Amino acid sequence: MLAVPPVLKLRPDHLDRIAVIYVRQSTLLQVRENIGSTARQYDLVRRATDLGWTRAQIQVVDQDQGQSGSSSVGRDGFQWLVAEVGLGHVGAVLSLEVSRLARSCSDWYRLLEICALTDTLVIDDEAIYDPGSHNDRLLLGFKGTMSEAELHWLHQRLQGGKRAKAEQGQLRFRLPIGLVYDPVGKIVLDPDEAVQEAVRLVFTLFEQFGSALAVVSHFAQQQLRFPTRWWGGKRADELIWDRLTHERVLNILHSPLYAGAYVYGRTKFRRHALPGEEPRIKGRTRRVNQEDWPVVHLDAHPGYISWEQFLRNQRQLDDNRTWRAEEHRGAVREGPSLLQGIVLCGSCGRRMSIRYQRNGSLLMYECHQIHAQLAGKTCQTMRGDRIDEAVVHCFLEAIQPAHLEVALSALDQLEARARQVDQQWQRQIERAQYEADLACRRYRAVDPENRLVARSLEREWNEKLAQVEQLQREYAIVPKQAALSLSATQREQIRKLADDLPALWHAPTTTFAERKQLLRWLIKDVTLSKRGNVIDVAIRWQTEALTHLAIPRHKKSWEMRQTNRQVVSRVRELAPTHTDTQIAVVLNEEGEVAGTGGTFTASKVEWIRYAYSIPLDCPERPSASATGQRGDGRYSAKAAAELLNVDVSTIAQWCKEGKLEFVRSTAHGPRWITLTPQIIKALRKPTRRQWKQREHCK
Ligand SMILES: [Zn+2]
């Protein structure tokens, strides 16, 4: 392969067009530190004039200074260069190392492609390349690939070095408030007590309320401020006291540093392209799951909480989220359903939701996530009133032995909190006073002749004094938590109250939210499952112990009207020998009540037989109506009259006289008469023929 001599590649038509010198450094730091290299790049101007371009034809592009090299997006100079080359305005592109023109391959090949089309040369301090020639293309492509590989190795080495340093616990980063580096570079608690106490208060309050927002609102109510340390610059390490925000509380609670752990790799930076006319690359920092943290050293330095408490806080925060209802309980809400957020479905294991029916008077627990998310069937639904009642009963029983401890720890917590709040105030005032004194000293130290300085120092002193006054005023009007610290008698009273927890529970002043919180302290979750006519309620306590309750299920409306089973079996018994009317009479006499209420009638009996498929007649037996005798052997008045050979009126007469035993279902209902063979023999009136025969025998 014969390389074309450089001079032959450069033709007069190249010299007619402009030459572009492309200067770039990757980062601002390189721009500052690597001045030598920049100067070398500017030297290319001389090389261009040596090759035959006039000074006026040479353009220098250095707009990219300080842009990172991985992609052309966001580098105006490079874009302009590509455009000019494309338009055929450029005779040659000069750069120190041609591979530097573009680090990423796609940009590099695009530029080479365009250079080849427009017959543009590429020149560095070693050679002249013609992208139109196959050999030069190959060489340039190879250089571009090498350059990219180099960038990759560089990145790997940097990351590896960082990681290795982190593994030894020596990588330094910005510390959260409350922790500082000591002079030898070790992490220690902030020496400022006010800062320490503010941080501690956040953890204490979260422990008590279990909600980050509650911590924020407590700070707001008590008008407490929270510190921030200025990072870098002229005001480095200066403290700024401002209102506490939700985001800060979350950051503090999520930071393992407060538990004394040295952790590297908690977040990851990822780039992604934003769609649009001009694609832009944006980066986003994401949290890495705790299990995936690459470097964790426990007990690496002093902290504010234990590692166990840190993990507990993470679980609580995780639990507080409501947007994935399936997995989390959510924070306590105001509604009257006591088990909100802690009810699980026994058949599919998902979290059950709450629905109020009949204008909110009827509480229902419903497992509808399959329905809501997958358009399937609602898993199960049940009335909540009895369930709540049973769980509360169980809870009140369970709390009996534990009540004193609960009450005492609540007392201690209240006191500790009141003390902490007061200390915070004292510190704030102390600090303001100190700053005012400092301003005063500074003012006194300055030469009075130096009026300008003296005046501004005096103003500062006045401002500081005003701040002290304002703080003292605010402190005076803040409701004194300290008033909560209890005397011995008050403690005794509260102990008594705790003894009577059921009364406390039912007191009208106790809100639903408070009751729910009480429940949640002891109960982790409640699983509901239907088993035939009972609901199985499994209560899982915080201690992981289980209690099972069986609650009779509420009858459905049709079940409430359903005929008693006993009645159905009686009908089945009577049916072979009785008519519907007779069965109705027997049932009424036996005191049974129809499902819909009231007495039985023939049509109701017929309905029961129809519903339970009970045939009326046994084919071998004569029907009851034909013999006039019913199942218990009693005879109707007509049948009795026939048997005794008398009139029906005579039967009635005998019944009244007590000669015959009978029953009737109602005061004026038909009589059913008991006839034994003896009675028949004694009372039967002989027929005329019998009578004649008897007369004849005599
Ligand atoms: Zn379910």
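Whatever order the structure lists ligands and atoms in, that order sets their numbers, starting from 1. Excluded from the calculations below are hydrogen atoms, water molecules and symmetry mates; all remaining heavy atoms, backbone and side chain alike, are included. Since we're looking at a predicted model, the values are computed, not measured.
Around the Zn ion (ligand 1), the protein N, O or S atoms found under 2.8 Å comprise Cys345 SG, Cys348 SG, Cys367 SG, Cys379 SG.
Salt bridge annotation for Arg312-Glu308: absent, with no cationic side-chain nitrogen under 4.0 angstrom from a carboxylate oxygen.
For the 3.5 Å distance criterion, the side chains of Gln566 and Arg570 fail to qualify, holding no donor opposite an acceptor.
Between Phe395 and Trp505, the ring planes lie tilted relative to each other; the angle falls in the 30° to 60° range.
Taking the ring-ring contact (aromatic ring centres under 6.0 Å, His included) definition, one finds that Trp607 meets it with Tyr610, sequence neighbours left out. In this structure, the ring-ring contact (aromatic ring centres under 6.0 Å, His included) partners of Tyr304, at least two apart in sequence or on a different chain, are Tyr258.
Applying the side-chain hydrogen bond (donor to acceptor under 3.5 Å, both in side chains) test to residues at least two apart or on different chains, the pairs with a partner in residues 242-254 are Thr228-Arg248, His254-Gln314.
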